[in-house]
Amino acid sequence: MPELPEAETIARGLHATIAGSRVERVRVHRAEVVEPMTAAAFRRALTDRRITSVGRRAKWIVASLDDGNRWVTQLRMTGRFDWSAASRLQARPHLSVSVLVQRADTGGVIRFYDVRRFARMWVLDPAAWSELDARLGIEPLSDEFTPASLASVLAPSRAPIRNVLLDQRRIAGIGNIYASEACYLARVDPRRPATTLVMPEVRKLHRAIRVVLGEAVERRGTSFSDYRDLLGDEGTFQNVLDVYDREDDTCRRCGDQIIRVVMAGRSAYLCPGCQK
DNA sequence: CCCCTCACCTGATCGC
DNA sequence: TGCGATCAGGTGAGGG
C-alpha cells in the first residue's frame with residue numbers, strides 16, 4: 001500500500017493530532033506486530049512518554065519521544081492508522097495496536113490495523129534508529145537529491161531502472177505505483193538497465209520523480225483499496241495516474257496502448273509508444 | 001557484491 | 001452461485 005506520499009500524509013495527520021500528547025495506555029492486540037520486541041517491552045517503552053513530533057523517513061512513520069527514543073511504524077502493504085476521540089480501548093477486526101493518548105485539552109485513541117499482518121511497529125533507542133536510518137537511501141524530496149545524486153545511484157547498476165528505483169537502500173520511499181509513473185513522465189522505459197541512462201535522461205527522471213511524488217503528497221496519496229488517511233479519507237492521486245493499473249488503456253500522450261510487464265515479480269506499466 | 005525469486009498473510013476478483 | 005487460481009501498493013532472506 002503506502003509509499004512515500006501515503007506515509008507522509010499519515011505522518012502529517014498524526015503530527016497534527018498527537019504531537020504534544022502523553023501516552024497513557026498501550027494495548028498490543030497482536031504481538032507479532034512488535035516482534036522482535038515483546039508486547040510488554042513495547043508497552044513499557046511507550047507508556048507515559050510524551051510525543052514531541054511525528055514525521056516520516058522513507059515509508060516509515062517516525063514519532064519522537066521525550067526520552068530520545070523513537071516510536072516507528074512500517075506500514076508495508078495494508079498498515080493503517082485511525083484516530084478516535086473516544087477514549088475506550090476495544091477490539092476490532094485486524095486491530096494490531098491501540099495507543100491511548102492524552103493532552104491538556106483532549107484525548108483519544110490511535111488505532112493501528114493491518115489486514116495482511118506484514119506491518120511492524122517498534123520503539124527504538126537512538127543507536128537502533130541510526131542503524132535503521134543508515135540502511136535507507138536518499139530522500140527524493142530533499143535538497144540533497146539532485147540529478148548528480150540520482151546519476152550516482154543509477155550509473156553502477158545493470159538492473160532495470162524500475163528495480164533500482166524500488167531499492168530502498170538507494171532511494172527511499174518510491175514504491176511500485178510511483179516508479180511506473182515517474183518513468184512515464186520522464187519518457188524512459190523502466191526495463192532499461194539503469195547504467196544506460198545518459199545525463200539528459202537522468203535529469204528528466206530526477207525531475208519526474210520530484211513532480212510525481214510532490215503532486216501525490218499534495219493529493220494526499222493514491223487510494224486503490226486499502227489506503228486511507230488518519231481520518232479514513234481517500235487520497236486522490238488514483239484519479240490522475242497515467243500508466244499504473246491502466247493496462248490496455250490508451251496513452252494520453254501518444255495514443256498507444258499501455259502495457260503491463262512483470263519485473264522482479266511485480267507489475268510495471270509503461271507506454272511503449274513514448275517511453276524509450 | 002549484485003540481482004532475482006520467493007515467502008510472509010489475508011482478502012478481492014477473475015475465469016471456469 | 002461456487003470454487004480454485006491469481007493477484008495486490010513492501011521487503012528481507014536466501015540462492016545463483
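Every value quoted in this text rests on a predicted model; they were computed, and no experiment measured them. We name chains A, B, ... by the order of the sequence lines, and we start the count at 1 in each one.
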Q. With a 4.0 Å cut-off on heavy atoms, is A:Tyr244 in touch with a base, just the backbone sugar-phosphate, or nothing at all?
A. sugar-phosphate
Q. At under 4.0 Å between heavy atoms, what does A:Asn163 touch on the DNA or RNA strands: base, sugar-phosphate, or nothing?
A. sugar-phosphate
Q) Which nucleotide sits closest to the side chain of A:Ser267: B:dT5, C:dT11, C:dA8? A) C:dA8
**Q.** Out of B:dG11, C:dG10, C:dT11, whichever nucleotide has its closest atom nearest the side chain of A:Met77
**A.** C:dG10
Q | Whole-Å gap separating C1' (C:dG12) and CH2 (A:Trp60) | A | 11 Å
Q: Write down the distance between OH (A:Tyr113) and C1' (B:dT10), rounded to a whole number of angstrom.
A: 17 Å
**Q.** Closest nucleotide among B:dC3, C:dG12, B:dC4 to the A:Pro160 side chain
**A.** B:dC4
Q: List the steps, then state whether side-chain contact (heavy atoms from CB on, under 4.5 Å) holds for A:Phe237 with A:Tyr244.
A: CA-CA 11 Å; A:Phe237 198 79; A:Tyr244 187 84; over 6 Å; no
Q | Complement of B:dT13, any strand, by Watson-Crick or G-U distances under 3.5 angstrom | A | C:dA5
Q) Rounded to the nearest Å, what distance is computed from the CD atom of residue A:Glu35 to the P atom of nucleotide C:dA13? A) 14 Å
Q) Which one, C:dA8, C:dT11, B:dC3, comes nearest to the side chain of A:Arg76? A) C:dT11
Q | Closest listed nucleotide, where the reference is the side chain of A:Ala159 and the choices are B:dT5, C:dT11, B:dC3 | A | B:dC3
Q. When you check the gap from the basic side-chain N to the acidic O, do A:Arg57 and A:Asp133 get nearer than 4.0 Å?
A. yes
Q | Shortest side-chain distance from A:Arg170, nucleotide among C:dG10, B:dC3, B:dT5 | A | B:dC3
Q | From B:dT10, B:dC4, C:dA8, nucleotide with atom closest to A:Arg117 side chain | A | B:dT10
Q) Between A:Phe118 and C:dG10, do the rings stack, that is, sit under 5.5 Å apart with planes less than 30° off each other? A) yes
Q) Out of B:dT10, B:dC4, B:dC3, which has the shortest distance to the side chain of A:Arg116? A) B:dT10
Q. Once you round it to whole Å, what is the distance between P of B:dC9 and CG of A:Leu75?
A. 19 Å
(Q) Could you measure the distance from the OG atom of A:Ser180 to the CZ atom of A:Arg260? Nearest 0.5 Å is fine. (A) 11.0 Å
Q | Distance, rounded to the nearest Å, where A:His94 contributes NE2 and B:dC9 contributes P | A | 15 Å
Q: Please state how far atom CZ in A:Arg120 lies from atom C1' in C:dT11, giving the value in whole angstrom units.
A: 11 Å
Q) In whole Å, what separates the P atom of B:dG11 from that of C:dT1? A) 22 Å
Q.
In this structure, how many angstroms lie between the C1' atom of C:dC7 and the CZ atom of A:Arg266, rounded?
A. 9 Å
Q) Any side-chain N or O of A:Gln168 under 4.0 Å from OP1/OP2 of C:dG10? A) no
Q. Can you tell if the side chain of A:Leu205 reaches within under 4.5 Å of the side chain of A:Leu154, non-hydrogen atoms only?
A. yes
Q.
Looking at A:Glu6 and A:Lys59, is there a salt bridge between them, counting it only when a charged N and a carboxylate O are closer than 4.0 Å?
A. no
Q. According to a strict under-4.0 Å criterion, is A:Ser157 in side-chain N/O contact with OP1 or OP2 of B:dC3?
A. yes
(Q) Determine whether A:Glu139 and A:Leu4 satisfy the following criterion, side-chain contact (heavy atoms from CB on, under 4.5 Å), listing intermediate values before the conclusion. (A) CA-CA 9 Å; A:Glu139 283 288 330; A:Leu4 184 155; 4.0 Å; yes
(Q) Using the P atom as the point on both nucleotides, what is the distance between B:dA12 and C:dT11, in whole Å? (A) 23 Å
Q | Length of the CD-C1' vector between A:Glu32 and C:dT11, whole Å | A | 16 Å
Q. P atom, C:dC3 versus B:dC9: distance in rounded Å?
A. 25 Å
